[in-house]
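Can you keep this structure in mind? I'll have questions shortly.
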Amino acid sequence: MSVTTLNEFIIERQADFPYAKGELTRLLTHMSVAAKVVNREVNKAGLVDILGEIGKSNVHGEDQKKLDVYADEKFINSLKSSGECCGIASEENKDIVSFDEELPKQGRYIVTMDPLDGSSNIDVNVSIGTIFSIFRRVSPVGHKAAPEDFVQDGTKQVAAGYIIYGSSTMMVYTTGRGVNGFTLDPSIGEFCLSHPDILIPHSGIIYSINEGNNIKFPEGVKQYLKYCQEKDVPTGRPYTSRYIGSLVADFHRNLLKGGIFIYPISAGYPSGKLRLLYECNPMAMIIEQAGGKATDGRGTRIMDLKPESLHQRVPFYVGSRNMVNTAEEFMKKYGWKEPDISDIDK
Ligand code: AHM
Ligand code: MG
């Protein structure tokens, strides 16, 4: 049986982008090379003393793990050396990284990324991932990347993808012409096409949300969760609850099987927890390309939200189209504002 490697596939599809002259091809190839290097370290994390906190916090005040820092550096260096990327905004860095060197200053693209999402799961062997978006720069070529390159609408993404470091390692990406998944064959060190033209079922039976936070959720979410748990044979309810707490893993499962993932506004996170630029926009582009839907639970498509700052958080409702539509109806009917739980906290 013949296999198609990621590199072959990317080159084949280059014709879809007559204007791109191979630039996007090189960028995606460099992403996949860095992913292999990060994958190697993730796999041996239990063997060497690379686990644990490095003693620094990231801009969100969260402890950074050593592998977060490692992944951040690997992706930044790889993209810089591609010559196609003039700058990067990463969840791990407070400010944009815009390259000084002549070669990357000629690059026409910028990348926003979460180099290692779900890092609190590293030391318990749960799947983690890398999430990325690629945009064409708006600042002039030949100069350093500028802040305005990074706060573009999600609709301006030219490509988006993720790598899941799980029981196998996969890269799933879209350039706006469908979604394809590649599994890393460790024996040859190549990502091979394993999931062509991924489409998410319009309805599913899985809901994914951190239900321990129920008390802090808006009334619309509480009522939707009750609906998910009620018996109704024709619609497959009660649904199955699945929540790993690692966005890439939860998203990947729902993408393949059908389902809904929600990280809403809550009393703890008045804007939601997940970041528009590093997590929600790329996943929104992928899910839409797979026939699904991504909104903020208030009727606005994620990719239509106007980014205001690099590390902006937004509520995130993503998955099978019919399930997201139903969740939206509940939000509209019962309300999307977080409850005041100050009494309960006392
Ligand atoms: P991180 O970027 O700091 O790793 O946090 C993001 C992660 C997501 O992978 C996951 O969906 C979410 O946080 C889980 O949050 P919670 O533990 O509040 O349910
Ligand atoms: Mg993250």
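Each ligand, and each atom within it, is numbered from 1 in the order the structure gives. One-based numbering along the sequence shown.
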Notebook entry, point to check: Which ligand 1 atoms are under 4.0 Å away from a heavy-atom of R275?
Noted result: 2 (O)
Next item on the list: Any chance you could lay out the salt bridge (Lys or Arg N to Asp or Glu O under 4.0 Å) test for R298 and E328, step after step, and finish with the verdict?
Entry: CA-CA 7 Å; R298 287 180 264 175; E328 285 269 354; over 6 Å; no
Check: Taking 4.0 angstrom as the limit, do K332 and E329 come out as a salt bridge?
Finding: no
Next item on the list: Taking all heavy atoms of V141 and all of R137, pick out the closest pair and write down the distance.
Entry: CA-NH1, 3.7 Å
Margin query: Counting only heavy atoms closer than 4.0 Å, does ligand 1 sit against the backbone of L116, its side chain, both, or neither?
Written below: neither
Next item on the list: Would you indicate which of P115, G212, G118 comes nearest to atom 4 (O) of ligand 1 when only heavy atoms are counted?
Entry: G118
Check: Taking N or O atoms only and a 3.5 Å limit, does E91 qualify as a polar contact for ligand 1?
Finding: yes
Next item on the list: Identify, by atom number and element, the atoms of ligand 1 in contact range of S119, meaning under 4.0 Å from any of its heavy atoms.
Entry: 4 (O)
Next item on the list: Just jot down the ligand 1 atoms closer than 4.0 angstrom to any heavy atom of L247, in number order.
Entry: 8 (C), 9 (O), 10 (C), 11 (O)
Notebook entry, point to check: E279: which N/O/S atom is nearest the Mg ion (ligand 2)?
Noted result: OE2
Margin query: L274 and side chain to side chain contact (heavy atoms under 4.5 Å, CB included): which single residue from V318, L247, I131 fits?
Written below: L247
Margin query: Under 4.0 Å from a heavy atom of D114: which atoms of ligand 1 are those, numbered in the order shown and with their elements?
Written below: 2 (O)
Item checked: Ion pair check, R242 and D250, cut-off under 4.0 Å -> no
Notebook entry, point to check: Which pair of non-hydrogen atoms, one from T183 and one from S194, has the smallest distance, and what is that distance?
Noted result: OG1-OG, 2.6 Å
Next item on the list: Could you tell me if any non-hydrogen atom of Y269 lies under 4.0 Å from any atom of ligand 1?
Entry: no
Note to self: Heavy-atom pairs closer than 4.0 Å: do any link ligand 1 to the side chain of Y278, the backbone, both, or neither?
What the structure shows: neither
Next item on the list: Please find out if less than 6.0 Å separates the ring center of Y278 from that of H311.
Entry: yes
Notebook entry, point to check: So, do E288 and R301 sit near enough that their side-chain heavy atoms are less than 4.5 Å apart?
Noted result: yes
Margin query: With a 6.0 Å cut-off on the ring centroids, do Y162 and F251 count as close?
Written below: yes
Notebook entry, point to check: Can you name the N, O or S atom of E91 that is closest to the Mg ion (ligand 2)?
Noted result: OE1
Next item on the list: Find all atoms of ligand 1 within a distance of less than 4.0 Å from any non-hydrogen atom belonging to E279, and give their numbers and elements.
Entry: 2 (O), 6 (C)
Checklist line | Ring centroid separation F330 to Y227 under 6.0 Å | finding: yes
Margin query: Using a 4.0 Å cutoff against the non-hydrogen atoms of S246, which atoms of ligand 1 qualify?
Written below: 9 (O)
Check: What are the atoms of ligand 1, with element, lying closer than 4.0 Å to any heavy atom of F261?
Finding: 11 (O)
Checklist line | Taking every non-hydrogen atom, the tightest pair across A249 and I164 | finding: CA-CD1, 3.8 Å
Notebook entry, point to check: If we only count N/O pairs under 3.5 Å, is N213 in contact with ligand 1?
Noted result: no
Note to self: Using a 4.0 Å cutoff against the non-hydrogen atoms of G245, which atoms of ligand 1 qualify?
What the structure shows: 9 (O), 10 (C), 14 (C)
Checklist line | N210 N/O under 3.5 Å from ligand 1 N/O | finding: yes
Check: Can you give me the OD2-the Mg ion (ligand 2)-OD1 angle for D114 and D117, to 10°?
Finding: 90°
